[in-house]
Amino acid sequence: MSGTPARTAADAASSDVVCLGESMVTFLPSQPGRLADVPSFVRGIGGAESNVACALAAAGHRAAWVSRVGADGFGDHLVDAISAYGVDTSAVRRDPTRPTGIYFRTATDRAADTHEVAYYRAGSAASAMSPANVPYEALLAGRVLHLSGITAALSADCLALLRELTAPRPGRPLVSFDVNHRPGLWRGGDASPDVLLDLARGADLVFVGEDEAEEAWGISGAEAIRAALPEPAVVVVKRGADGATVFSAPRPGTGPAHLSESGTDTAHPGVTGTDTAHPGRTGTDTVTTVPALRVDVVAPVGAGDAFAAGFLSATLRGLPVRDRARHGHLMAAAALTVPGDLTDPPARDLADHLAALDDAAWGRLRLGPGWTGDDTEVLST
């Protein structure tokens with residue numbers, strides 16, 4: 001990936017996916033333990049939306065990242081590192097008065113009681129993004145605009161920006177929204193995570209975990225989550241070890257048909273009719289549940305972003321819903337079997353081969369470190 005040349009502003013209009021959000025310089029612990037006890041850290045990069053952009057670019061798609069960074073060395077590092085994945089960073093703006101955000105974390109699972117994260121992002125350059133200063137021509141240039149609830153929590157201006165981008169408007173790209181509820185970001189502010197529900201209802205494709213829906217909105221179960229999000233054409237409910245459940249119904253003018261490389265809608269063939277209860281979409285839901293893979297986890301970070309990238313990659317290719325979810329699981333497995341947030345995704349032919357397995361063979365897969373390199377040696381069935 002590092003050998004891929006950076007894309008330029010001239011490429012922006014032909015992007016498959018444009019991702020908007022803050023990326024930060026991440027300091028990863030050299031060993032397990034409390035932040036107070038870890039003696040040293042390794043520098044990396046981290047940001048939900050830029051992670052998605054990097055994974056999509058590494059998978060062969062045309063991806064762009066839009067954000068603001070400080071006019072400092074950390075900002076230089078972020079832009080250089082993300083560009084090295086082949087991501088177009090030409091629309092990233094430099095803020096001369098605000099710094100690039102950074103954070104430190106422990107090596108444990110984010111869901112574990114012992115996990116610690118120390119953010120130094122208050123007043124960051126990205127938190128100053130607003131409807132008045134983002135390059136709309138770049139944001140609307142892709143076939144998909146990918147957003148995250150993390151951005152909404154950064155500031156009132158960022159929330160206003162996401163409200164505007166998820167509002168209905170003619171000719172907008174397909175809007176993908178990952179709820180990405182981070183409780184620590186919502187403490188002490190005027191807004192609450194309830195606004196994430198409103199933002200998600202304005203999107204076309206939503207990713208949400210069962211656990212975060214319960215924590216943010218008090219909603220339990222995949223069916224109840226879909227009932228709370230009736231407008232999006234596709235709602236992907238991530239259920240941890242139980243896999244993912246996808247609720248999908250075509251939506252006129254913004255559905256999978258215009259995203260497919262072949263120009264055809266392979267996900268919902270022959271679905272017609274109008275859903276009068278939810279006029280934004282047509283037909284009724286198809287419900288697809290895809291089991292998760294068994295994975296020998298190295299580090300439980302970056303999997304959610306990788307899942308979204310895999311699902312979006314397969315969506316752009318016009319693959320069936322089951323295969324979209326399977327590609328999400330496969331790209332998540334690639335992230336889970338490396339120490340950091342980002343890694344090389346499996347080669348497309350390998351991923352396609354695995355996604356096409358019958359249910360029994362899919363259920364027998366067990367993926368460990370190095371599995372993306374050679375399926376004949378490291379895949380255990």
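Scope of the values below: all heavy atoms of this structure, side chains included, with no hydrogens, waters or symmetry mates.
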Assess whether a salt bridge exists between [X] and [Y], defined as any Lys/Arg side-chain N lying under 4.0 Å from an Asp/Glu carboxylate O.
X: R201; Y: D194; value: no
X: D358; Y: R364; value: no
X: R62; Y: D88; value: no

side-chain hydrogen bond (donor to acceptor under 3.5 Å, both in side chains) assessment of D157 paired with S155: CA-CA 5 Å; D157 282 342; S155 68; 5.3 Å; no
Within-4.5 Å side-chain heavy-atom neighbours: [X] and [Y]:
X: M129; Y: V66; value: no
X: V287; Y: F247; value: yes
X: V237; Y: R226; value: no
X: R317; Y: R324; value: no
X: V338; Y: V298; value: no
X: L312; Y: L205; value: yes
X: V234; Y: V321; value: no
X: V52; Y: W65; value: no

Between [X] and [Y], is there shared hydrophobic-cluster membership here, with clusters defined by ILVMFWY side-chain heavy atoms closer than 4.5 Å?
X: F74; Y: L154; answer: no
X: I102; Y: I45; answer: yes
X: V290; Y: M331; answer: no
X: W186; Y: W217; answer: yes

Does any N or O in the side chain of R121 come within less than 3.5 Å of the main-chain N or O of G101, such that one atom is a donor and the other an acceptor?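 Not confirmed, R121 side chain does not pair with G101 backbone.
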T97 and D95: side-chain donor and acceptor closer than 3.5 Å?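 Their side chains do contain a donor-acceptor pair, which is all the 3.5 Å distance test asks for.
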Between the side chains of E116 and T106, is a donor N or O closer than 3.5 angstrom to an acceptor N or O?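 There is no such pair between these side chains.
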Run the side chain to side chain contact (heavy atoms under 4.5 Å, CB included) test on D16 and L56 for me, step by step, so that the C-alpha distance in whole Å, both residues' side-chain angles and the decisive distance to 0.1 Å come before the verdict. CA-CA 9 Å; D16 292 323; L56 284 166; over 6 Å; no
Are F311 and H327 near enough that their ring centres are under 6.0 Å apart?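 Between F311 and H327, the centre distance exceeds or equals 6.0 Å.
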For W362 and H329, take the angle between the two ring planes, folded into 0 to 90°, and tell me which bin it lands in: parallel under 30, tilted 30 to 60, perpendicular over 60.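 Geometry flag for H329 against W362: tilted rings.
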Can you spot which of F27, Y103, F104 makes a ring pair (Phe, Tyr, Trp, His ring centres under 6.0 Å) with Y119?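 Among the candidates, only Y103 passes.
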